[in-house]
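Heads up, the thing below is written out as structure tokens.
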There are 2 protein chains.
Amino acid sequence: MERTTTQTAQIRLALTSQINSGLLQSGMKLPSERELSELFGTTRITIKEALQSLEAEGRIYCEDRRGWFVAPPRLVYNPLYRSHFHEMVERQQRQASTRVLSVRNIVAAPSLCQELELPALSRLFQIRRVRSLDGRVVMFVEHHLKPERFPGILELDLSQSLTGIYQQHYDIHYGRSRFDIVSTAASGEVAQALTLGEGSPILLVSRVNYDQHGAIIDSDHEYWRHDAVRISVDSRPG
Amino acid sequence: MERTTTQTAQIRLALTSQINSGLLQSGMKLPSERELSELFGTTRITIKEALQSLEAEGRIYCEDRRGWFVAPPRLVYNPLYRSHFHEMVERQQRQASTRVLSVRNIVAAPSLCQELELPALSRLFQIRRVRSLDGRVVMFVEHHLKPERFPGILELDLSQSLTGIYQQHYDIHYGRSRFDIVSTAASGEVAQALTLGEGSPILLVSRVNYDQHGAIIDSDHEYWRHDAVRISVDSRPG
DNA sequence: GAGTGGTCTAGACCACTGA
DNA sequence: CAGTGGTCTAGACCACTCT
């Protein structure tokens, strides 16, 4: 019995070339796992193995219980310029939308107190939103604002750009910017919001934002579908 | 039959709390998949499922055919400051080492020509190295240099810092820096060099480097074990 | 050579989505 | 309701590492 490569590798290759050739286009649904396993004469577990490795590569993605789809091109994103999401997306000829999930006045968790240099048990405004690219949810974001700097903000329309609201209503402009990126896994609310399974790989971009005078104003935690984004930073070192 | 959560989630939780409590310490080997499946009264596939989701989270990592280990803390890395790897690691009280895999004079692939703004079929020096953190291989890096700027460099000891060699032997200093980050999967040589299975998630950091006069001098592609690093950028916007 | 993960088979039932 | 992926069982052989 000959065995050049593994079955998984062959299936991966077959699907990759279908995608490269354009027969399977961006956003299209793949056949079901059961159909694929018949097609390739193997079991669902082997098929899933191949699909998961293509997912890890960023070529396809999975929506919980809906199926597998060909991944669209990545959005190019420079976290140093805290620009308006919608503007950034439109400059790349694509379509953006934002949905507010929840708006709360909370007691800050210890990790947040540390991040924002707050005393223990401080209160914070928490805003949770999801953002979509061409109709597909690609990012879950959680903002935490210092309440004393944003009186009444929770009553405004928060599906707009926060950067815009900061400028227009509070005359606050961003100064310094600091961000961290880690590759990790989705769980709980994050997984649900992104219609991902528990344990799917995601990119977490955490940022602390300072105003024009160097004071901390807020932080945000962006959870990106890992295949949806390319972080791109171009800058002269300080 | 009661079913609060999935078995996978329970196993994940059990292992996580063992790690958090310090009973399983950084770098320690977990019991084998077979032992774990007996311990939890389930099959290897279910165990593997739980292990893979902890791997995605960055809590544990797998070395091909050697076993599963508790992941050490992430290295904090700012790609904007193209500092010496060894220096950076030592500042974080850890131990670094570098091994040269290969050194070649190659014809540039199309994507490289584009990246380095070269005419088709240009030649390049290619240097491949792996870098370890506390004895564990965490990064595979491929450098491509413009040959005319680095005569004789391939004969030097390339396990040192390239930045250092550039300064001392060629009087070249870095100016502008530009980098991209994508979350993708290991394959082929990369997987092998990092002792990862095909399809394991990695972080690819690509950089194009300019000299003090703004001319392109080289590029590098760093393939990081995804759990080994935290990208951290702190800078004032240009 | 013993032990490890890598790969694979051939099924099963469940939870959720969408028409 | 039919169809999808999510989860799970109970095995098997192979390729590789380590001693």
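Every chain is numbered from 1 and lettered A, B, ... according to where its sequence line falls, protein lines coming before strand lines. Here the structure is a predicted model, which is why all the values come from computation and not from measurement.
Atom CD in B/Glu38 sits roughly 11 Å away from atom P in C/dT4 (whole-Å rounding). Atom-to-atom, CD of B/Glu33 to C1' of D/dA10 comes out at 16 Å; the value is rounded to the nearest Å. Rounded to whole angstrom, the span from the CG atom of A/Leu36 across to the C1' atom of C/dC8 amounts to 17 Å. B/Arg34 has its CZ atom 7 Å from the P atom of C/dG5, to the nearest Å. For the pair B/Glu198 CD and D/dA15 P, the computed distance is 16 Å after rounding to whole Å. Distance A/Tyr61 OH to D/dG5 C1': 15 Å, rounded to the nearest Å. Rounded to a whole Å, the CD atom of B/Gln52 is 11 Å from the C1' atom of C/dG5. Atom P of nucleotide D/dG6 and atom CD of A/Glu55 are separated by 9 Å, given to the nearest angstrom.
Among the nucleotides D/dG6, C/dT4, C/dC8, the one closest to the side chain of A/Cys62 is D/dG6. Considering only the side chain of B/Ser32, C/dT4 comes nearest among C/dC13, C/dT4, C/dT9. You'll find that the side chain of A/Glu49 is closest to C/dT7, out of D/dT7, C/dT7, D/dG5.
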Test side-chain hydrogen bond (donor to acceptor under 3.5 Å, both in side chains) on B/Arg128 and B/His143 and set out the steps. CA-CA 6 Å; B/Arg128 288 179 163 170; B/His143 302 266; over 6 Å; no
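Side-chain nitrogen and oxygen atoms of A/Thr42 include none within less than 4.0 Å of the OP1 or OP2 phosphate oxygen of C/dC8. An OP1 or OP2 oxygen of D/dG6 is reached within less than 4.0 angstrom by no side-chain nitrogen or oxygen of B/Gln7. Remark: A/Thr8 is not in phosphate contact with C/dG6, judged by side-chain N or O atoms under 4.0 Å from OP1 or OP2.
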Provide a list of protein-nucleic acid N or O atom pairs under 3.5 angstrom, restricted to nucleotides 16-18 of chain D.
residue, atom, partner, partner atom, Å
D/dC18, OP1, B/Arg66, NE, 3.4
D/dC18, OP1, B/Arg66, NH1, 3.0

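B/Glu35 comes within 4.0 angstrom of the backbone, heavy atoms only, and of no base.
Donor-acceptor pairing under 3.5 Å is lacking for the side chains of A/Arg44 and A/Ser37. With hydrogens and angles left out, the side-chain atoms of A/Thr98 and A/His86 include a donor and acceptor closer than 3.5 Å. A/Glu63 and A/Trp68 form no side-chain donor-acceptor contact under 3.5 Å, judged by distance and modelled atom types alone.
Put simply, the residue from A/Phe140, A/Tyr61, A/Tyr77 that forms a ring-ring contact (aromatic ring centres under 6.0 Å, His included) with A/Trp224 is A/Tyr77.
Among all heavy-atom pairs drawn from A/Asp227 and A/Arg74, the shortest one is O-CG, 3.2 Å.
Place B/Arg44 and A/Leu51 on DNA chain D by their nearest nucleotides, and A/Leu51 ends up nearer the 5' end. The nearest heavy atom of DNA chain C to B/Lys48 and to A/Thr43 marks one nucleotide each, and the one closer to the 5' end goes with B/Lys48. Where B/Pro31 and B/Ile45 each meet DNA chain C at their nearest nucleotide, the meeting point lying more 5' is that of B/Pro31.
Without hydrogens or angle criteria, A/Arg123 side chain to A/Asn105 main chain gives a donor-acceptor distance under 3.5 Å.
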Table please: side-chain donor-acceptor pairs of residues 180-188 of chain B below 3.5 Å, with sequence neighbours left out.
residue, atom, partner, partner atom, Å
B/Asp180, OD1, A/Ser232, OG, 2.9
B/Asp180, OD2, A/Arg230, NH1, 3.1
B/Thr184, OG1, A/Glu57, O, 3.2

